[in-house]
2 protein chains.
Amino acid sequence: MKKSHDQGEELPGLVRSKRVGKNGDGAERHEVIYHIISDAIIEHQLRPGARLREDALTEVFNISRTGVRKILQRLALEQLVTLTPRRGASVTRPTANEARDVFAARQLVECGLMPEVARRITADDVRELKRMASDEREALSVGEQSRAIKLSAAFHERLAELSGNTTLAAFVRQLCSRSSLILAVYGNIGHLGCESHDHDDLVEYLERREGTNAKAFMQRHLKEIEASLSIVEEEASAPDLHQIFGLGT
Amino acid sequence: MKKSHDQGEELPGLVRSKRVGKNGDGAERHEVIYHIISDAIIEHQLRPGARLREDALTEVFNISRTGVRKILQRLALEQLVTLTPRRGASVTRPTANEARDVFAARQLVECGLMPEVARRITADDVRELKRMASDEREALSVGEQSRAIKLSAAFHERLAELSGNTTLAAFVRQLCSRSSLILAVYGNIGHLGCESHDHDDLVEYLERREGTNAKAFMQRHLKEIEASLSIVEEEASAPDLHQIFGLGT
DNA sequence: TCAGATATTTTTGTATACAAAAAACGCCGT
DNA sequence: ACGGCGTTTTTTGTATACAAAAATATCTGA
């Protein structure tokens, strides 16, 4: 392992360990592999910048490059990987602007959904959400960071699903995935996305069908997450080496 | 042309006429073809249910099936075409629920964007929007329905772009494309999506930076469009023939 | 020893070949 | 004449082969 120009590593063994053994009937199998890869990205096992070579993936998953490319293209449309022509695929590194856009979008959509969710939520849903929130808290306290990240995203996604609007739920799903990438690039280690008990509090508002309060809470919640990030554009193309090394003085 | 089980025709000659002649360098070319097909769908030249056979597309566009499949998969992820395993691609026929979800999403996002658009809009933008609105009105009065549909969608998309949020703009773009499909299925002929001068009025609110008014207007505007549709589920799988033909009485 | 040029290897892009499923067609017995 | 059954044709799914580009390694002459 000689190249490490940025911080993008090659495919780590972690992914390989999940190798699937000849199961699934094609389409089903591709779906599974897609989820394995996208989970690995969301859980920060594959960090932004990591290259995804087609041959490596064919080896790991035992499918032909045709299938690999199909999956990579899907991931690219969801902005989880970036396809650079003639140069292959890599886990996308969101720009500062993209990061701001994603959080603005979440602010608009997730908050906008809260009243409807509060109206439609059932006792079962509440139970499920509470369990998810507690699972997340536990994962966090035990130090299973990657699991906590995934669970946190899952919580927000489930919430959106409860609105009953499939289209918006799918959109929120995408936004949460991208948020995980943003966290990987602009997040401060130690301080994970969501405050540990925020989600529990939110569920309580919903349980009491206080849509307006839930909305306000979500607003604050997302604002806090965004505020905890250091969203500053790192000059990619021409880092100012003079300033960095202070030779010019 | 013997089969017409629903209302899905085969590829009409219209599309073929746009044949591209050996231009573009691969990726660029695929992009062009993608736009040709998606435009044809949005403009109702390809109506919901129309089958898109891979061989036919390879012939029309002179690319291999590999390229065709890539494009079809992209269209499928944007919900413009439906890929049925082992049965090929067809222009998607949105369900009633999907239709409602799409309009609810537009209600939330497009309206939510208006204040920001009102804040950021420039004199140039206003000019451009007014020209688009007038083009649309003209196309409508001359009877160029398909052009009017496309222009109407373009107006809404441009509006979203002016918010400066790329992510939300892309989402609105998708929603508008899907709305065109919804119009094709649930729209009443003669009554096109948007009222002819609504868009002009909206631009005026924005020009005066009256974000709140613009938002309210957009809200009404979208509500009117949705109300003009006949969104009722046509039982696809098991149409109740007894009731239809009244034999059982 | 090292910059620049050239050769080799790796990696992606595209077309095509082959297998399997679905659809269309024709056949035949009743 | 018609419905059920088997065959042919069409159409999709997947792997693979080949070409072109990029990355890497090697060589050469100061």
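Quick note on labels: first sequence line is chain A, next is B, and so on, each numbered from 1.
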In whole Å, what is the span from the [atom1] atom of [X] to the [atom2] atom of [N]?
X        : N       : atom1 : atom2 : answer
Lys70(B) : dT12(C) : NZ    : C1'   : 11 Å
Arg29(A) : dT14(D) : CZ    : P     : 10 Å
Leu83(B) : dT12(D) : CG    : P     : 10 Å
Glu28(A) : dT14(D) : CD    : C1'   : 17 Å
Glu54(A) : dA15(D) : CD    : C1'   : 14 Å
Glu59(B) : dA15(C) : CD    : C1'   : 16 Å
Arg65(A) : dT16(C) : CZ    : P     : 16 Å
Arg86(B) : dT10(D) : CZ    : C1'   : 13 Å

Exercise. Phosphate oxygens OP1/OP2 of dT14(D): is one of them under 4.0 Å from a side-chain N or O of Thr66(A)?
Worked result: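 No, Thr66(A) has no side-chain N/O under 4.0 Å of OP1/OP2 on dT14(D).
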Exercise. Going by atom types alone, do Asn188(A) and Ser228(A) pair a side-chain donor with an acceptor below 3.5 Å?
Worked result: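 There is no such pair (donor and acceptor under 3.5 Å, judged by atom type) between the side chains of Asn188(A) and Ser228(A).
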Exercise. Is it the case that His30(B) and Arg74(B) place a side-chain donor and acceptor less than 3.5 Å from each other?
Worked result: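 The criterion, which ignores hydrogens and geometry beyond distance, is not satisfied for Arg74(B) and His30(B).
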Side chain of [X]: nearest nucleotide among [options]?
X        : options                   : result
His30(A) : dT14(D), dA15(C), dA22(D) : dT14(D)
Asp55(A) : dA22(D), dT12(C), dA15(D) : dT12(C)
Arg53(A) : dA22(C), dT11(C), dT11(D) : dT11(C)

Problem set entry | First encountered from the 5' end of DNA chain D, between Gly88(B) and Pro85(A) |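 Result of the comparison: Gly88(B).
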Problem set entry | Carboxylate-amine/guanidinium proximity below 4.0 Å for Arg65(A) and Glu54(A) |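 Salt bridge between Arg65(A) and Glu54(A), a charged N being under 4.0 Å from a carboxylate O: yes.
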For this session: Dump the intermediate steps for side-chain contact (heavy atoms from CB on, under 4.5 Å) on Glu226(B) and Ile231(B), then the final yes or no.
Result: CA-CA 8 Å; Glu226(B) 191 176 358; Ile231(B) 304 186; 4.3 Å; yes
